[in-house]
Participant: 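Supplied in structure tokens, the structure appears directly below.
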Amino acid sequence: MSEKTERAERRKRKEMAVKILAAQGLVYEDWLDERHRTVIEEGAPTVGAALNLLIENQKKGRD
């Protein structure tokens, strides 16, 4: 599928999602923000582990 076709398909999917959410009394941007928050919350343990590893490596570099 060409990039242009993919962009058009994504646009169509977004337009449909906006309409469905509006019919449910939801605002697309609010729904999307909630999805972002969910991804961040679910990814927090991974980010925390990566930060711990970074800190450990920094400590090792000072030794």
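Fair warning: this is a prediction, and the values are worked out from it, not measured in the lab.
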Participant: Run the side chain to side chain contact (heavy atoms under 4.5 Å, CB included) check on I20 and Q24 step by step: do they pass?
Facilitator: CA-CA 6 Å; I20 292 168; Q24 296 172 347; 3.8 Å; yes
Participant: Does some side-chain heavy atom of D30 sit less than 4.5 Å from a side-chain heavy atom of E34?
Facilitator: no
Participant: So do K12 and E9 actually touch side chain to side chain, heavy atoms under 4.5 Å?
Facilitator: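 Counting from C-beta outward, E9 and K12 do come under 4.5 Å.
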Participant: Under a single-linkage definition using a 4.5 Å side-chain heavy-atom cutoff for Ile, Leu, Val, Met, Phe, Trp and Tyr, are L32 and V27 assigned to the same hydrophobic cluster?
Facilitator: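 Result: no, two separate clusters.
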Participant: Would you call E3 and R7 a salt bridge, using N to O less than 4.0 angstrom?
Facilitator: yes
Participant: Find the distance between CH2 (W31) and CG (L26) and round it off to the nearest 0.5 Å.
Facilitator: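 W31 atom CH2 to L26 atom CG measures 10.0 Å (nearest 0.5 Å).
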Participant: For E6, what residues pass the salt bridge (charged side-chain N to carboxylate O under 4.0 Å, His left out) criterion, not counting sequence neighbours?
Facilitator: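 Partners of E6 by the salt bridge (charged side-chain N to carboxylate O under 4.0 Å, His left out) criterion, ordered by chain and then number, come out as R10, R13.
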